[in-house]
Amino acid sequence: MANEPREAPVTPSDHQADVLFRVQMKVADIALGYWKQGLIALAVVLALALTVGLVSNHIRDSRRATSAAVARVDAEVPPMDPGSFYGLSPADDLSDPERVAALEKAARGYEAAARDGTGPAVVEAWVRAGETWQRLERTDEAIQAFQEGYERGGKAIYRYAPGNRLAVLLADAGRHEEAEAIYRKMATGLDGYLAEQALMDLMALQAASGRAEAVKRSAAEFRARFTKSPRLPQVAALEAQASAPADPAQAPGTPAPAPSAP
């Protein structure tokens, strides 16, 4: 009997090659069956990437444009009299119509940059507008500018600078309740150092109004919220000062100094 041909044994490498071939065929079937859907998905991904890129570039360019607008106004603002830094002369001679006109133009330039702009530079523009109105001794316009900056600052750290300036002007105008409300919102809405500062400013304003009990409550809140703050001794000093008997040399009804702008 002739010997029948014997089948070659299937080796592990042959088995692996067969599995790999089947996987390749399966992938090819899927690719051929869903290539249209794949192209659509790829087009969607590319369109999203393009949109995100365009929006990001627009936001970046808008913020740069706002900063540039503020810088252009900065270059046109008349410098303050150097003697004013030492208390030897006023910052501006408001009897000079040209200087007054230049300051008004700068203040309105800052306001225009803030209204048309985006990003943190908007708050900066409102603050500078308020400062310029203050140089002109036009308190109502300054309050309005700081109010705009305070509202545009949101809950970010940018809110403190215009908020503090606004509260100081309101307190100076005798509008203590409004000033306290601003400090209260900042103390609650901000975190860390700025929240501490806002609460201490609130205490100073309460002390200036002669409200010792309110100062005690604010001090207790400070100690409860900021247990490890290095400013606890300052809080204790404010509380003690508010609780101390009135100085006989001080005229009746004269409040203690209110918090000042940094």
Show the nearest heavy-atom pair for residues [X] and [Y], with the distance to one decimal.
| X | Y | value |
| --- | --- | --- |
| Thr66 | Thr118 | OG1-N, 3.0 Å |
| Ala167 | Ala179 | O-CB, 3.4 Å |
| Ser218 | Leu202 | OG-CD2, 4.0 Å |
| Val215 | Ala207 | CG2-N, 3.5 Å |
| Leu169 | Ala142 | CD1-CB, 3.9 Å |
| Gly117 | Arg152 | O-NH2, 3.8 Å |

Ion pair present between [X] and [Y], side-chain N to carboxylate O less than 4.0 angstrom?
| X | Y | answer |
| --- | --- | --- |
| Glu141 | Arg108 | no |
| Arg99 | Asp93 | no |
| Arg115 | Glu148 | no |

Is there side-chain contact between [X] and [Y], with at least one heavy-atom pair below 4.5 Å?
| X | Y | result |
| --- | --- | --- |
| Gln144 | Asp140 | no |
| Tyr110 | Val77 | yes |
| Arg184 | Thr188 | yes |
| Arg159 | Leu194 | no |
| Ile143 | Arg175 | yes |
| Leu232 | Phe222 | yes |
| Pro90 | Asp81 | no |
| Val73 | Val70 | no |

key: Side-chain donor/acceptor of Thr132 to backbone N/O of Leu103, under 3.5 Å   =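 Judged by distance alone, no pair lies under 3.5 Å.
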
key: Arg72/Glu76 under salt bridge (charged side-chain N to carboxylate O under 4.0 Å, His left out): CA gap, chis, key distance, verdict   = CA-CA 7 Å; Arg72 285 193 296 270; Glu76 299 176 357; over 6 Å; no

request  = Tell me, yes or no, whether the heavy-atom count around Tyr86 atom OH, taken from other residues, nucleotides or ligands under 6.0 Å, exceeds 12.
outcome  = no

Starting at [atom1] of [X], measure out to [atom2] of [Y] and round the result to the nearest 0.5 Å.
| X | Y | atom1 | atom2 | value |
| --- | --- | --- | --- | --- |
| Asn164 | Phe146 | CG | CZ | 9.5 Å |
| Arg135 | Leu94 | CZ | CG | 9.5 Å |
| Leu199 | Leu190 | CG | CG | 11.5 Å |

task = Could you walk me through whether Gln197 and Met186 pass the side chain to side chain contact (heavy atoms under 4.5 Å, CB included) test, one step at a time?
result = CA-CA 9 Å; Gln197 184 61 52; Met186 291 196 297; over 6 Å; no

Arg223 and Glu239: CA distance, side-chain angles, deciding distance, side chain to side chain contact (heavy atoms under 4.5 Å, CB included) verdict = CA-CA 12 Å; Arg223 284 189 285 267; Glu239 184 179 16; 3.2 Å; yes

query = Going hydrophobic residue to hydrophobic residue with side-chain gaps under 4.5 angstrom, can you get from Leu166 over to Val122?
reply =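 No: no chain of side-chain contacts under 4.5 Å links Leu166 to Val122.
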
ask   = Is there a chain of hydrophobic side chains (I, L, V, M, F, W, Y, each step under 4.5 Å between heavy atoms) that links Met80 to Leu136?
value =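 Unlinked, Met80 and Leu136 end up in two clusters.
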
request  = Evaluate the criterion side chain to side chain contact (heavy atoms under 4.5 Å, CB included) for residue pair Arg211 and Glu180; output intermediate values, then yes/no.
outcome  = CA-CA 12 Å; Arg211 300 168 56 205; Glu180 287 189 21; 2.5 Å; yes

request  = Check step by step if side-chain hydrogen bond (donor to acceptor under 3.5 Å, both in side chains) holds for Glu151 and Trp126.
outcome  = CA-CA 10 Å; Glu151 293 175 356; Trp126 281 120; over 6 Å; no

message = Using salt bridge (charged side-chain N to carboxylate O under 4.0 Å, His left out), reason through Lys216 and Glu213 one step at a time and then give a plain yes or no.
response = CA-CA 5 Å; Lys216 289 182 179 180; Glu213 291 300 321; 3.8 Å; yes

message = Pair Arg225, Glu221 - check side chain to side chain contact (heavy atoms under 4.5 Å, CB included), show working.
response = CA-CA 6 Å; Arg225 290 178 57 188; Glu221 177 185 347; 3.2 Å; yes

